[in-house]
Amino acid sequence: MAEQRIFTLVTGASNGIGQALAEDSALRGDNVLLVALPEPKLEEVTNALKAQYPNQEFHCLGKDLMQKEAPQEIYDWCREKGFVIDKLMNNAGLGNSGAFDTKTSQFYYGQMQLNMVNLVMLTHLFLKDLKTLPQAYILNVASMAAFYDIPYKGIYSASKRFVYSFSRSLRKELEASNVEVTVLCPAAVLTNPDVLARNEQMGFFSKLTQATPQEVAEYTIDRMLKGKAVAIPKAVPRFYKALGRIIPYNMKMNILAKQFIKQQQ
Ligand SMILES: NC(=O)c1ccc[n+]([C@@H]2O[C@H](COP(=O)([O-])OP(=O)(O)OC[C@H]3O[C@@H](n4cnc5c(N)ncnc54)[C@H](OP(=O)(O)O)[C@@H]3O)[C@@H](O)[C@H]2O)c1
């Protein structure tokens with residue numbers, strides 16, 4: 001086996017929040033492993049980091065995390081290369097909009113595999129190694145959607161509720177250990193063209209929640225390194241979450257349905 005070096009591993013690192021998490025980790029001096037779909041952008045982001053931080057190590061691996069075997073292949077790659085992970089950032093995920101029956105069953109199967117199943121599998125594979133280090137971190141990316149039942153976005157919000165619940169319970173299990181678990185619950189983050197277009201259709205109050213990927217990454221890594229359970233970037237989403245607790249359920253559902261039906265029009 002090769003000589004061991006310590007890395008942060010980020011999934012979905014070729015764009016959006018994942019790219020910003022990789023870049024912010026590099027800025028803090030970490031070596032970074034970038035995993036995403038095998039597209040040219042992944043190499044581009046990795047090469048840019050190599051050029052900017054010549055004294056740190058950056059490697060990328062193209063994998064489709066909708067595939068069942070991907071987590072084991074990522075783990076095996078790390079073992080073979082002698083990459084030791086001390087920060088596992090499970091970021092890759094897929095949203096959706098529109099009425100439930102307007103998407104194929106294969107779409108939902110892939111979305112659930114990516115957002116939930118493979119996030120759990122990666123965590124399960126790496127946890128035994130994380131436990132052997134003096135200090136280690138798991139960052140799981142959920143969403144503000146985790147706190148609501150969202151019509152026209154039901155599988156997405158349910159999958160993010162799963163990530164939130166899994167992260168909080170795992171954190172409790174590991175509280176006496178060296179492994180901190182943080183769950184990121186951002187509101188609207190200005191990442192890919194799809195998200196930008198969807199946010200354009202949202203109302204004034206939703207637009208108030210918007211953040212850039214860089215703002216989200218910096219805030220979240222600070223929270224993670226402080227060992228915080230939850231990261232909700234920006235004050236407005238934190239206020240909306242508190243408000244959500246006092247609004248009656250049916251009223252909340254009507255507001256959400258009205259907001260999110262706009263995304264399919
Ligand atoms: N943007 C938001 O408003 C927002 C809000 C709350 C939560 N989130 C969550 O934050 C995370 C990142 O979102 P984002 O908006 O930054 O997404 P994004 O800009 O679309 O980037 C997603 C990243 O994941 C990669 N990816 C997509 N499908 C993949 C697959 N099957 N296997 C491996 N990698 C895959 C993409 O690779 P390619 O570039 O090659 O496609 C890209 O690197 C997601 O979990 C999302 O649910 C986002």
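Note that ligands are numbered from 1 as they come in the structure, with each ligand's atoms numbered from 1 the same way.
- Ion pairing between Glu44 and Lys41 fails under the 4.0 Å rule for side-chain N and carboxylate O.
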Test log, rule side chain to side chain contact (heavy atoms under 4.5 Å, CB included), inputs Leu127 and Leu174: CA-CA 10 Å; Leu127 184 57; Leu174 296 175; 3.9 Å; yes
Candidate pair Tyr219 and Glu215, rule side chain to side chain contact (heavy atoms under 4.5 Å, CB included), full reasoning: CA-CA 6 Å; Tyr219 172 83; Glu215 288 171 324; over 6 Å; no
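- Under 4.0 angstrom from ligand 1, there are no non-hydrogen atoms of Ala70.
- With atom 6 (C) of ligand 1 as the reference point, the heavy atom nearest to it among Gly62, Pro186, Gly110, Pro237 is part of Pro186.
- In terms of protein heavy-atom proximity, atom 17 (O) of ligand 1 is nearest to Asn192 ND2, 3.8 Å.
- Contacts with ligand 1 closer than 4.0 Å are made by heavy atoms of both the backbone and the side chain of Asn91.
- Nearest protein heavy-atom contact of atom 38 (P) of ligand 1 is Ser14 OG, 3.5 Å.
- Remark: the Gln214 side chain and the Glu218 side chain contain no N/O donor-acceptor pair separated by less than 3.5 Å.
- Within the 4.5 Å cutoff, no side-chain heavy atoms of Thr11 are placed close to those of Lys63.
- For ligand 1, one of its N or O atoms has an N or O atom of Ile17 under 3.5 Å away.
- The distance criterion of under 3.5 Å between nitrogen or oxygen atoms is not met by Glu39 with respect to ligand 1.
- Of all atoms in ligand 1, listed by their number and element, those nearer than 4.0 Å to a heavy atom of Ala188 are 3 (O).
- Proximity of Gly95 to ligand 1 is not established, as no heavy-atom distance is less than 4.0 Å.
- Judged by the 6.0 Å and 45° rule, Lys103 forms a cation-pi pair with Phe107.
- Both the backbone and the side chain of Met66 come within contact range of ligand 1, each with a heavy atom under 4.0 Å.
- Scanning the protein heavy atoms around atom 41 (O) of ligand 1, the nearest turns out to be Leu37 CD1, 3.5 Å.
- Using modelled atom types, one finds no donor on one side chain facing an acceptor on the other under 3.5 Å when comparing Lys160 with Asn115.
- For atom 22 (C) of ligand 1, no protein non-hydrogen atom is found at a distance below 4.0 Å.
- Distance from atom 25 (C) of ligand 1 to its nearest protein heavy atom, with residue and atom name: Gly12 CA, 3.5 Å.
- Under the 4.0 angstrom criterion for non-hydrogen atoms, Gln19 is not in contact with ligand 1.
- Atoms of ligand 1 found under 4.0 Å from any heavy atom of Lys63, numbered from 1 in the order shown, are 32 (N), 33 (C).
- If you check the side chains of Tyr152 and Asn96, you find no donor sitting under 3.5 Å from an acceptor.
- Looking at Asn118 and Gln113, their side chains do bring a donor and an acceptor atom within 3.5 Å of each other.
- Ligand 1 has no nitrogen or oxygen under 3.5 angstrom from a nitrogen or oxygen of Met144.
- Of all the atoms in ligand 1, the ones that sit under 4.0 Å from a non-hydrogen atom of Asp64 are 30 (C), 31 (N), 32 (N).
- Below 4.0 Å from some heavy atom of Gly16 lie the following atoms of ligand 1, by number and element: 16 (O), 19 (O).
- When heavy-atom distances to ligand 1 are checked against a 4.0 Å cut-off, Ala142 comes that close only through its backbone atoms N, CA, C and O.
- Aromatic rings from Tyr108 and Phe100 are positioned such that their centres are separated by under 6.0 Å.
- Neither the backbone nor the side chain of Lys41 comes within contact range of ligand 1; no heavy atom lies under 4.0 Å.
- Side-chain contact, Thr123 with Asn90: a donor N or O sits under 3.5 Å from an acceptor N or O.
- With a 4.5 Å cut-off on side-chain heavy atoms, Gln72 and Met121 do not count as touching.
- Side-chain contact check for Leu256 versus Gln259: every heavy-atom pair is 4.5 Å or farther apart.
- Among protein heavy atoms, the minimum distance from atom 9 (C) of ligand 1 is reached at Val141 CG1, 3.7 Å.
- Closest to atom 8 (N) of ligand 1 among all protein heavy atoms lies Tyr156 OH, 3.5 Å.
- Between the side chains of Asp129 and Tyr75, at least one donor-acceptor pair of N or O atoms lies under 3.5 Å.
- Not less than 6.0 angstrom separates the ring centroid of Tyr240 from the ring centroid of Phe147.
- Distances below 4.0 Å separate heavy atoms of Leu65 from the following atoms of ligand 1: 30 (C), 31 (N), 32 (N), 33 (C).
- Counting only heavy atoms of the protein, atom 15 (O) of ligand 1 lies nearest to Thr191 OG1, 2.6 Å.
- The N/O atoms of Val189, backbone and side chain alike, include one that comes under 3.5 Å of an N/O atom in ligand 1.
- Looking only at heavy atoms of the protein, atom 5 (C) of ligand 1 is closest to Ala187 O, 3.0 Å.
- Proximity of Ala13 to ligand 1, defined as any heavy-atom pair under 4.0 Å, is confined to the backbone N, CA, C and O atoms.
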Would His59 and Phe7 count as a side chain to side chain contact (heavy atoms under 4.5 Å, CB included) here? Give the steps. CA-CA 10 Å; His59 303 278; Phe7 286 85; 3.8 Å; yes
